[in-house]
Amino acid sequence: MLLPAKAEVARQLRRYRAWERVMLASPADRAVRATFEDSGYTLCVLMGKRCAREAADAAERYLRSSLVAYLGESERPRAETV
């Protein structure tokens with residue numbers, strides 16, 4: 001499994017969080033919303049997730065952990081919720 005460089009993940013996560021704050025401050029601004037969504041999409045592609053929130057969570061876990069711990073964590077089966 002190929003993983004992105006941690007420096008790039010950190011850079012994209014900072015960008016996503018910065019645009020998230022701007023978007024929350026100006027929710028009606030379409031240009032801000034579009035840029036925020038673009039930053040979320042980039043994070044999704046980097047982290048292999050379908051949702052920006054999941055991608056941000058995965059990026060934070062990846063940056064906090066060692067590569068071995070991250071790969072072991074992502075390969076564990078998830079408990080099903082009813």
Side-chain angles (χ1 to χ4, degrees):
M1 171 180 201
L2 290 176
L3 291 172
K6 283 192 172 189
E8 184 62 21
V9 172
R11 187 173 79 80
Q12 292 300 329
L13 182 60
R14 280 192 309 272
R15 181 174 181 257
Y16 173 78
R17 292 296 186 206
W19 280 108
E20 180 180 42
R21 287 188 298 274
V22 173
M23 198 273 305
L24 290 172
S26 304
D29 188 331
R30 291 178 188 225
V32 168
R33 181 173 290 277
T35 305
F36 169 64
E37 289 175 358
D38 286 347
S39 69
Y41 177 79
T42 301
L43 204 53
C44 286
V45 171
L46 277 175
M47 299 311 298
K49 301 293 181 183
R50 293 182 178 203
C51 153
R53 183 175 293 142
E54 288 177 7
D57 290 343
E60 288 171 351
R61 279 193 315 276
Y62 178 53
L63 293 172
R64 275 195 312 264
S65 66
S66 69
L67 180 60
V68 173
Y70 179 77
L71 289 175
E73 179 181 295
S74 63
E75 292 177 0
R76 280 189 229 149
R78 294 180 185 220
E80 290 186 32
T81 57
V82 177

Output side-chain donor-acceptor pairs under 3.5 Å for residues 32-41, partner residues at least two apart or in another chain, one line each.
{"residue": "Thr35", "atom": "OG1", "partner": "Ala31", "partner atom": "O", "Å": "3.0"}
{"residue": "Ser39", "atom": "OG", "partner": "Phe36", "partner atom": "O", "Å": "2.7"}

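Here side-chain hydrogen bond (donor to acceptor under 3.5 Å, both in side chains) pairs that include residues 11-28, with residues two or more places apart or in two chains, are Glu8-Arg11, Glu8-Gln12, Arg17-Glu20, Arg17-Glu60.
The shortest non-hydrogen separation linking Cys44 to Cys51 is SG-C, 3.4 Å.
Leu43 and Val45 fall into different hydrophobic clusters, defined by Ile, Leu, Val, Met, Phe, Trp and Tyr side-chain heavy atoms under 4.5 Å apart, directly or through other members.
To the nearest 0.5 Å, atom CG of residue Leu13 and atom CE of residue Met47 are 9.0 Å apart. To the nearest 0.5 angstrom, Arg64 atom CZ is 10.5 Å from Lys6 atom NZ.
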